[in-house]
Student: 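Below you'll find the structure I mean.
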Amino acid sequence: MNAKSAISKEIFAPHDERMLGAVQVKRRTKKKIPFLATGGQGEYLTYICLSVTNKKPAQASITKVKQFEGSTSFVRRTQWMLEQLRQVNGIDPNRDSPEFDLLFENAFDQWVASTASEKCTFFQVLHNTCQRYLTDKKPEFINCQSKIMGGKSV
């Protein structure tokens with residue numbers, strides 16, 4: 001079973017949610033924690049997942065999921081409702097780049113996807129999900145390639 005289907009089954013299915021998409025990422029900038037002692041949690045993989053609840057009205061959310069080294073299970077970390085997403089920044093609309101930023105009401109994360117095409121696929125799913133589930137305040141998609149936005153250049 002690949003990581004994405006395992007995350008879907010382990011993290012979202014028990015909460016009656018459907019995972020719509022996921023992208024494996026790592027931080028583009030290190031979080032500055034000056035007082036942190038050595039010997040932290042070790043190495044881990046991070047996934048940004050997009051999910052929707054199965055009950056009506058459907059609620060879409062973005063969840064950060066981690067898998068720590070030596071473990072086969074996944075851990076749900078931070079979760080934001082899709083309504084909290086303010087901006088999706090694709091960094092460079094003129095080339096395939098794996099880098100992107102997500103700006104939420106109360107958080108800002110800079111990421112690098114494992115591949116540019118994985119980021120592109122995730123952005124397409126994210127854009128379609130925003131169009132479908134958000135009625136009024138849709139996030140701004142900036143510096144994204146036109147193929148992500150369904151042909152519209154932004």
Side-chain angles (χ1 to χ4, degrees), residues 2-5 7-8 10-13 15-34 36 40-41 43-68 74-154:
N2 72 15
K4 290 176 188 170
S5 47
I7 291 170
S8 180
E10 215 176 295
I11 300 288
F12 298 106
H15 297 281
D16 200 25
E17 291 178 86
R18 257 186 1 255
M19 188 171 86
L20 304 175
V23 60
Q24 185 182 334
V25 295
K26 58 181 188 275
R27 287 200 178 280
R28 200 165 69 232
T29 52
K30 290 274 182 232
K31 278 229 161 147
K32 291 175 180 59
I33 307 174
L36 192 64
Q41 298 228 15
E43 290 298 308
Y44 54 85
L45 297 175
T46 304
Y47 297 86
I48 302 291
C49 305
L50 183 61
S51 66
V52 65
T53 57
N54 288 322
K55 61 181 185 293
K56 304 280 185 245
Q59 294 276 300
S61 58
I62 295 174
T63 308
K64 191 165 30 175
V65 173
K66 292 191 175 185
Q67 180 183 35
F68 292 94
F74 296 89
V75 182
R76 184 187 291 246
R77 289 304 211 207
T78 319
Q79 185 168 31
W80 299 272
M81 297 313 294
L82 197 57
E83 292 83 23
Q84 294 176 287
L85 182 62
R86 292 289 167 254
Q87 188 182 79
V88 177
N89 186 342
I91 308 299
D92 188 346
N94 301 315
R95 66 181 180 90
D96 283 336
S97 158
E99 299 179 346
F100 67 97
D101 297 342
L102 295 177
L103 176 66
F104 295 94
E105 274 174 11
N106 55 0
F108 175 69
D109 278 325
Q110 297 179 305
W111 299 107
V112 179
S114 51
T115 67
S117 67
E118 197 178 358
K119 169 190 131 179
C120 181
T121 303
F122 182 74
F123 272 27
Q124 287 170 331
V125 173
L126 180 58
H127 185 261
N128 290 339
T129 305
C130 290
Q131 298 308 312
R132 181 169 177 190
Y133 293 101
L134 298 180
T135 45
D136 28 275
K137 281 170 100 179
K138 290 182 174 63
E140 182 184 24
F141 279 75
I142 62 168
N143 300 319
C144 294
Q145 293 177 300
S146 59
K147 63 184 175 187
I148 290 167
M149 316 305 288
K152 295 189 297 287
S153 189
V154 175

Student: Locate the shortest heavy-atom distance separating I11 from F74; write the atom from each residue and the value.
Tutor: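 The pair with the smallest heavy-atom distance is CD1-O, 3.6 Å.
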Student: With a 4.5 Å heavy-atom cut-off, do E83 and D136 have their side chains touching?
Tutor: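 SC-SC contact between E83 and D136 ruled out.
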Student: If you define the side chain from C-beta out and look only at heavy atoms, does anything of R28 sit under 4.5 Å from W111?
Tutor: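 Side chain of R28 against side chain of W111, heavy atoms only: no contact under 4.5 Å found.
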Student: Roughly how far apart are E10 CD and R76 CZ, rounded to 0.5 Å?
Tutor: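 Rounded to the nearest 0.5 Å, the CD-CZ separation comes out at 11.0 Å.
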Student: Nearest 0.5 Å please: distance from the CG atom of N89 over to the CD1 atom of I142.
Tutor: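 Rounded to the nearest 0.5 Å, the CG-CD1 separation comes to 4.0 Å.
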Student: Looking at every non-hydrogen atom in both residues, tell me the closest pair between C49 and I7 and how far apart they are.
Tutor: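 The pair with the smallest heavy-atom distance is SG-CG2, 3.9 Å.
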Student: Would you say that V88 contacts F100 through its side chain, given a criterion of any heavy-atom pair below 4.5 Å between the two side chains?
Tutor: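 No - every pair of side-chain heavy atoms lies 4.5 Å or more apart.
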Student: How far does NZ of K137 sit from CG of L82, to the nearest 0.5 angstrom?
Tutor: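 Going from NZ on K137 over to CG on L82, the span is 13.0 Å.
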Student: Only counting residues at least two apart or in another chain, list the ones meeting ring pair (Phe, Tyr, Trp, His ring centres under 6.0 Å) with F104.
Tutor: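 Partners of F104 under the ring pair (Phe, Tyr, Trp, His ring centres under 6.0 Å) test: W80.
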Student: Can you confirm whether I48 sits close enough to K64 that some side-chain heavy atom of one is under 4.5 Å from a side-chain heavy atom of the other?
Tutor: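 In short, these two side chains touch, coming nearer than 4.5 Å.
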Student: Using every non-hydrogen atom in the two residues, find where S51 and F12 come nearest and quote the distance to one decimal.
Tutor: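 Where S51 meets F12 most closely, the heavy atoms are OG-CE2, 3.4 Å.
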Student: Would you call D96 and K119 a salt bridge, using N to O less than 4.0 angstrom?
Tutor: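 Salt bridge absent between D96 and K119.
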Student: As an exercise, state the distance from CD of E17 to CD of Q79, rounded to the nearest 0.5 Å.
Tutor: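 Spacing of CD (E17) from CD (Q79) equals 6.0 Å.
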Student: Using a 3.5 Å distance criterion without hydrogens, assess whether the side chain of E99 forms a donor-acceptor pair with backbone atoms of Q110.
Tutor: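 No; judged by distance alone, with no hydrogens or angles, the pair does not exist.
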Student: Is E140 salt-bridged to R86, cutoff N-O under 4.0 Å?
Tutor: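 Looking at R86 together with E140, the answer is no, because their closest N to O distance does not fall below 4.0 Å.
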Student: Where do D92 and R95 come nearest, in terms of heavy atoms and distance?
Tutor: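 D92 and R95 have their closest heavy atoms at OD2-NE, 2.9 Å.
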Student: Given side chains that start at C-beta, do those of R18 and N54 come closer than 4.5 Å, heavy atoms only?
Tutor: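 When only atoms from C-beta onward are counted, N54 and R18 do touch, with a gap below 4.5 Å.
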Student: Can you tell me how far CG of L50 sits from SG of C130, rounded to the nearest 0.5 angstrom?
Tutor: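 Answer rounded to 0.5 Å: 7.5 Å.
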Student: When rounded to the nearest 0.5 angstrom, what is the spacing between CE in M81 and CG in L134?
Tutor: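 Reported to 0.5 Å precision, the distance equals 9.5 Å.
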Student: Is E118 salt-bridged to K4, cutoff N-O under 4.0 Å?
Tutor: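 Salt bridge present between E118 and K4.
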Student: Not counting sequence neighbours, which residues clear side-chain contact (heavy atoms from CB on, under 4.5 Å) with A13? List them please.
Tutor: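 Residues passing side-chain contact (heavy atoms from CB on, under 4.5 Å) with A13: none at all.
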Student: Do you know the tightest heavy-atom contact between G90 and F123?
Tutor: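 Reported closest heavy-atom pair: CA-CE2, 3.7 Å.
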Student: Quick one: are I62 and L126 in side-chain contact, heavy atoms under 4.5 Å?
Tutor: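 In short, these two side chains touch, coming nearer than 4.5 Å.
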